[in-house]
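These notes concern the structure reproduced below.
One-based numbering, in listed order, for ligands and for the atoms of each. The structure displayed is predicted, hence computed values, not measured ones.
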Amino acid sequence: MKIKTAVIPVAGKGTRFHPVTKVVPKELLPLVDTPILHFIVKEAALAGIERIVLITSKGKTGLVDYFDSQRDDPIFQNLSFIAVRQGDALGLGHAILCARPIVQNEPFAVLLGDDVIDGKVSATKQLIDISEKYSGAPVVGIMNVSDEDVSKYGIIEGTPIDKKTFAVKSLIEKPDLKNAPSNLAIPGRYVLTPDIFDILKDAQPGLKGEIQLTDSLNVLAKNREMYAYEFEGRRFDAGDKFGYLEANLHYGLQRKEMAEKIKSLLASLGD
Ligand code: G1P
């Protein structure tokens, strides 16, 4: 079944970016001159997505307004936008459950706004292709992380199928290194099947008292085949201050008018 809908949770308070995020949603912070969320929605559009469901909260209406201003952009022309409110900050799993009345009984993609991925092919498109290859099974995007970063991510336990694809046996949210089954981390890209909603509906709070998507994915992985795919592309943690600076430099270096200036600036800094 064609995946038409992408769910993008944007209700977070952005506390890692205070004070600016007290008045500006973190998803509108620019990479050079373009909001982070623009990159995320573009990745979804390039994967053939037709409908964007933004899970929003108080103070986030500017995000929806932004895409009104982009209607002439050919990449966004065929997209429709729907905003769903997440009244209480109960966790990522709860945010995804808020999309159920819109998504209903179809498979869908999830893209988290803190993770910006620059690949030759849209990372979401890569995951959708793997899902199609395995009869519409759920697929999570993965990347290899260092031991010190394992506790920042959802981590999978998997059996390798080929160089980049794994059959997922279990998932654990932000484990200590000693409890981590691998260094294969999920940087916020998922293709999900609608049976996740029944699991999320009954989910109990997990880490930090929040309904964790990873916990429900772990239940889903026991019920049906699930895959993990090491996608091609460079990923930036734009929800982290240093990752955000890295992303700005990366996209700045892609601009002809400033690439050389950035290189000489970096060479001269710290002198
Ligand atoms: C969330 C997920 C986590 C995932 C991460 C990717 O955590 O819960 O499994 O690896 O996003 O960015 P957060 O970073 O929102 O705490």
query: Is a side-chain donor-acceptor pair under 3.5 Å present for His250 with Glu246?
result: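 Side chains of Glu246 and His250: no pair found under 3.5 Å.
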- prompt: What side-chain hydrogen bond (donor to acceptor under 3.5 Å, both in side chains) pairs are there with at least one residue in residues 135-148, not counting sequence neighbours?
  reply: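 Every pair satisfying side-chain hydrogen bond (donor to acceptor under 3.5 Å, both in side chains) with a residue in residues 135-148: Asp147-Asn183.
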Which protein N or O atoms sit under 3.5 Å from any N or O of ligand 1? Give each pair with its distance.
residue	atom	partner	partner atom	Å
ligand 1	7 (O)	Lys174	NZ	3.2
ligand 1	8 (O)	Glu173	OE1	3.4
ligand 1	8 (O)	Glu173	OE2	2.6
ligand 1	9 (O)	Gly154	N	3.0
ligand 1	9 (O)	Glu173	OE1	2.7
ligand 1	9 (O)	Thr214	OG1	3.2
ligand 1	10 (O)	Gly154	N	2.9
ligand 1	10 (O)	Ile186	O	2.5
ligand 1	12 (O)	Asp115	OD1	3.3
ligand 1	12 (O)	Asp115	OD2	3.0
ligand 1	16 (O)	Lys174	NZ	2.6

task: Name the orientation class of the two ring planes belonging to Phe39 and Tyr251 (parallel below 30°, tilted from 30 to 60°, perpendicular beyond 60°).
output: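 Rings of Phe39 and Tyr251: tilted, as their planes differ by 30° to 60°.
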task: Using the test salt bridge (charged side-chain N to carboxylate O under 4.0 Å, His left out), find all partners of Lys169 that sit at least two apart in sequence or belong to another chain.
output: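 Lys169 satisfies salt bridge (charged side-chain N to carboxylate O under 4.0 Å, His left out) with no other residue.
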message: I'd like to know if the side chain of Gln126 and the backbone of Glu232 have a donor-acceptor N/O pair within less than 3.5 Å.
response: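 Yes, the answer is positive, given that a donor and an acceptor are paired below the 3.5 Å cut-off.
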- prompt: Which residues pass the side chain to side chain contact (heavy atoms under 4.5 Å, CB included) test with Ala89, sequence neighbours left out?
  reply: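 So Ala89 forms no side chain to side chain contact (heavy atoms under 4.5 Å, CB included) with any residue.
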